[in-house]
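In what follows, every chain begins at residue 1, and chains take the letters A, B, ... in the order their sequences are listed.
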Amino acid sequence: MDFKRNIAEAIGKCTKIDADELVDLIEIPPDPSMGDFAFPCFKLAKQFKKAPPAIASELYASIELPDGVKEAKAAGGYLNFAVDPNAFARAALKRALEEGETYGASDEGNGKTVCIDYSSINIAKPFHIGHLSSTVIGHSLYRIYRYLGYRCVGINHMGDWGTQFGKLIVAFLRWGDKEIVEKEKIRALLELYVRFHDEAEKDESLDDEARAWFKKIEDGDEQALSIFEWFKRLTLEEIGRVYDLLGIRFDSYAGESFYNDKMGRVVDELKQKDLLKFDNGAYLVDLEEYKMPPCIILRSDGASLYATRDIAAALYRKDTYDFYKCLYVVAYQQNLHFKQWFKVVELMGYGWSKDLEHVAFGMVSMAEGTLSTRRGKVVFLEEVLEAAVQKTFEVIKEKSPDLEDKELIARQVGVGAVVWNALYNNRIKDVVFSWDKALNFDGETGPYAQYTHARCCSVLKKGEDIGAEVGEIDYGALEDAESIALLKAVSAFPDAVREAAARYEPYLVSRSVIDVCSTFNKFYYDHRIMEADPVVRRARLALTRAARSAIAAGLYLLGIEATQKM
RNA sequence: GCGCCUGUAGCUCAGUAGGAUAGAGCGCACGCCUCCUAAGCGUGAGGCCACCGGUUCGAAUCCGUUCAGGCGCGCCA
């Protein structure tokens, strides 16, 4: 039952205004004692040339209360509605109980494809806390879109091309040790990279040497290629451990090198469409008309650039996946870059350029300042995750010494804490990394949500053991304030998921999960669920089950495990 | 210099298409396990919603100025 809709239609009958226009005006009063829904009459004041309170009282006099609405009240310029709690509970619980673990899922995506470019690691570079946002936001959006019926393609656009690999080869050949690199992997490569920069400051010939080695990679030189492929394999092995910990899999690892032979098409098309301009030795697309600096396509030495590669990748993805949307989960530093090349794709005549979305997020820094790979000033993501797992393990030993599978639960909760932390706020906010915050388990955190989920599971288990859930539900047993608050939170969940997809904002799911958790915990504290009276018990168990569905679904959509016990 | 973003409680943030007394969490001070998981629940203190002006019946929300911080601005990615 859609209460807003029914109220809008009832008001529509009185005012002769289309219910479609009215339905979005209806809001939720700040305090439940005022009512459950409210219609603000202010917007009708001009049209009817009457004061809002007068309109409210006239509406009050003439309105025919729709199904499920118990009473209406005029309060100032508002007409407030109180719903029949029984009808509300029935409507709110129905969907959650029917859908269970897939509560809020839908088929509205109708098989349309969404490509999500996220995480996008660099070969031979540490996977550090700066990569957390892209990785978990992208993964969450992947799950959210798939939940709504879209076919998703998760793409790890690897940074596996560029002169830095020449530098690494030089450094490895001069100072590297095969066994150490094989064992230490990225750490060893990072050390070599840092050393290269130190030494190159003293000896400029190193840079030339590096360029030469990169040229060898480009030309397919056997030795160069085998070292390069080896670095690539080591990186993927090591980073794969983090992805496993996070439960992330990609559908494609097509990165920069993959598009190497696909950039000619971009240049040819731009030439053919007369968009390319020769300027100071470089080829570029002039964007002055759009108040942007030009988008450089070919450097004066003939080499392609970042934008060229991104355009090539977009064309390839459109051909290959025929996407409905293509999302780029990349930090906001690159706002201009994306605006530029999106515009170039538009100028090329591709209407689908409007389906390219830069899902930007804020910068990560440390209290001491910016992260710097080159200076080795980074915190490895794996280190953070392991520390969180370790801390969780200690907490479990202290609080739940009898818990089975301590290691598994510690992993799920520890990782969940870190992931949650990265998905709890609006994407655009900058983050200063702090161990305290990443390892915080109290208040509005992942562990809190997981704990609440485990609580629900525990109660439901008790109910199942005695078969307490069998039979009709008496919704009248859920008319207390705490039950109603929980019902409201649960029923708001599906809209939160849809809104999260529309705005590319996983935090809307986190916040909705928190609403369910805190209202559940209040409900749990104030009312005994395993009540002696079987009718009340059954109703409360049903509500608990609905709450658990919302929490489990929400955690899943964030990429966090819903623990049964903890 | 120009462009984009941000500015809400000591800290981190919500605040839904302008609407009723601006909300959480953390931290701080108290209180609650003879009761379904205390990783929980409650109470309290804490706000010129950066500033000034405008639009409006009504502005944290929209517009303009100013201030502060971040990011970016033709051959890096």
### Query
To the side chain of A:T392, which of B:C36, B:A39, B:C71 is closest?
B:A39
### Task
Answer syn or anti for B:G64, where the cut-off is 90° from 0 on the glycosidic torsion.
anti
### Task
Looking at every strand, decide which applies to A:I28 at a 4.0 Å heavy-atom threshold: base, sugar-phosphate, or nothing.
nothing
### Task
Determine the contact category for A:F441: base if any of its heavy atoms lies under 4.0 Å from a base atom, sugar-phosphate if only primed atoms, P, OP1 or OP2 are that close, otherwise nothing.
base
### Message
Distance check, C1' atoms only: B:G46 and B:G10, in whole angstrom units.
### Response
8 Å
### Task
Ignoring the backbone of A:R528, work out which of B:C36, B:G70, B:A77 is nearest its side chain.
B:C36
### Task
Using distance alone, with no hydrogens and no angle criterion, decide if A:Y448 and A:N521 have a side-chain donor and acceptor under 3.5 Å apart.
yes
### Task
Measure from CZ on A:F338 to P on B:G72 and round the result to the nearest Å.
14 Å
### Task
Respond yes when some side-chain nitrogen or oxygen of A:N335 is under 4.0 Å from OP1 or OP2 of B:G72, and no when none is.
no
### Query
With a non-hydrogen cut-off below 4.0 angstrom, is A:R511 in contact with a base, only sugar-phosphate, or nothing?
sugar-phosphate
### Query
What is the nucleic acid contact for A:A331, judged by heavy atoms within less than 4.0 Å: base, sugar-phosphate only, or nothing?
nothing
### Message
Does this structure show an ion pair linking A:E394 with A:K406, if we count only N-O contacts that are shorter than 4.0 Å?
### Response
no
### Query
Contact class for A:H453 (heavy atom, under 4.0 Å): base, sugar-phosphate, or nothing?
nothing
### Summary
Atom CG of A:L423 and atom P of B:C13 are separated, to the nearest Å, by 15 Å
### Task
Mind checking A:E398 for me? I need base, sugar-phosphate or nothing, with any heavy atom below 4.0 Å counting as a touch.
nothing
### Query
Between A:S458 and B:U37, is there a side-chain N or O to OP1/OP2 distance below 4.0 Å?
yes
### Task
Please state whether the phosphate of B:C41, meaning OP1 or OP2, lies under 4.0 angstrom from any side-chain nitrogen or oxygen of A:Y448.
yes
### Query
Is any side-chain N of the basic residue among A:E469 and A:R538 closer than 4.0 Å to the acidic one's carboxylate O?
no
## Note on the structure
Rounded to whole Å, CD of A:Q333 lies from P of B:C76 at a distance of 18 Å
#### Entry: N or O in side chain of A:K429 less than 4.0 angstrom from B:G7 OP1/OP2
yes
### Query
Which whole number of Å gives the distance between the P atom of B:C62 and that of B:A20?
16 Å
### Message
Under 4.0 Å, heavy atoms only, any strand: does A:K291 hit a base, just the sugar-phosphate, or nothing?
### Response
nothing
### Query
Side chains of A:D117 and A:S120: do they bring a donor and an acceptor to under 3.5 Å?
yes
### Query
Do A:N440 and A:T445 have a side chain donor and acceptor closer than 3.5 Å?
no
### Query
Counting only heavy atoms not in A:E288, do more than 12 sit closer than 6.0 Å to its CD atom?
no
### Task
Give A:Y283 one of three labels, base, sugar-phosphate or nothing, depending on what nucleic acid heavy atoms sit under 4.0 Å from its own.
nothing
### Query
Rounded to the nearest Å, what distance is computed from the CG atom of residue A:N440 to the P atom of nucleotide B:G40?
9 Å
### Message
Using a strict threshold of under 4.0 Å (side-chain N to carboxylate O), is an ion pair present between A:D526 and A:K522?
### Response
yes
### Message
With syn defined as a glycosidic angle within 90° of 0 and anti as the rest, where does B:C33 land?
### Response
syn
### Task
Could you tell me whether the side chains of A:D310 and A:H337 share a donor-acceptor contact shorter than 3.5 Å?
yes
### Query
On a whole-Å scale, what distance lies between the C1' atoms belonging to B:C13 and B:A17?
22 Å
#### Entry: Toward the 5' end of RNA chain B, by each residue's nearest nucleotide, A:L508 or A:V395
A:L508
### Query
Base, sugar-phosphate alone, or nothing: which one does A:M566 contact when heavy atoms must sit under 4.0 Å apart?
base
## Note on the structure
From CG of A:L284 across to P of B:C75 the rounded distance in Å is 11 Å
### Task
State whether the distance check finds a donor on one side and an acceptor on the other, under 3.5 Å, for side chain A:D442 versus base B:A38.
no
### Message
Tell me the interatomic distance from A:L79, atom CG, to B:A20, atom P, rounded to whole angstroms.
### Response
17 Å
### Task
Compare the minimum distances between each of B:A20, B:U37, B:G74 and the side chain of A:Y524, then state the nucleotide with the smallest one.
B:U37
### Query
Do A:K399 and A:M566 have side chains that get closer than 4.5 Å, going by heavy atoms?
no
### Query
Which value, in whole Å, describes the distance between the C1' atoms of nucleotides B:C48 and B:C52?
12 Å
### Query
If the P atom of B:C49 is compared with that of B:G31, how far apart are they to the nearest Å?
34 Å
### Query
Hey, is OH on A:Y60 packed in by over 12 heavy atoms from elsewhere, all under 6.0 Å?
no
#### Entry: Nucleotide pairing, RNA chain B (Watson-Crick or G-U, distances under 3.5 Å), in dot-bracket with [ ] and |
(((((((..((((.....[...)))).(((((.......))))).....(.(((..]....))).))))))))....
### Query
Out of B:C13, B:G72, B:A14, which has the shortest distance to the side chain of A:L336?
B:G72
### Between B:G7 and B:C51 - C1' atom distance, rounded Å
11 Å
### Query
Just wondering, are more than 12 heavy atoms of other shown residues or ligands nearer than 6.0 Å to NZ in A:K565?
no
### Query
How would you label the contact of A:L305 with the nucleic acid (heavy atoms, under 4.0 Å): base, sugar-phosphate, or nothing?
sugar-phosphate
### Query
Contact class for A:P29 (heavy atom, under 4.0 Å): base, sugar-phosphate, or nothing?
base
### Task
Please confirm whether A:F37 and A:F81 have ring centers closer than 6.0 angstrom.
no
### Message
Nearest heavy atom decides the nucleotide; on that basis, is A:A282 or A:R455 closer to the 5' end of RNA chain B?
### Response
A:R455
#### Entry: Proximity to the side chain of A:N80 - top-ranked nucleotide from B:A20, B:G40, B:G74
B:A20
### Query
Which whole-number value in Å describes the distance from A:Q450 CD to B:A39 C1'?
10 Å
### Message
Within the 4.0 Å heavy-atom criterion, would you say A:N280 contacts the bases, only the backbone, or no part of the nucleic acid?
### Response
base
### Summary
Closest to the side chain of A:I428, out of B:U6, B:C41, B:U21, is B:U6
### Nucleotide nearest A:D31 (side chain, heavy atoms from C-beta), chosen from B:C41, B:U21, B:A39
B:U21
### Query
Counting only side-chain N and O atoms of A:K462, is one of them less than 4.0 Å from OP1 or OP2 of B:U37?
yes
### Query
Looking only at atom C1', what distance separates B:A29 and B:U37, rounded to whole Å?
27 Å
### Summary
Whole-Å distance, A:K437 NZ to B:G27 P, equals 13 Å
#### Entry: Separation of the C1' atoms in B:C75 and B:C63, to the nearest angstrom
40 Å
### Message
Categorize A:Y306 for me: base, sugar-phosphate, or nothing, with a 4.0 angstrom heavy-atom threshold over every strand shown.
### Response
base
### Task
Could you check whether A:P293 gets within reach of a base, just the sugar-phosphate, or nothing at all, counting any heavy atom under 4.0 Å?
sugar-phosphate
### Message
Heavy atoms from C-beta onward define the side chain here; which of B:U12, B:C36, B:A39 lies closest to that of A:N425?
### Response
B:U12
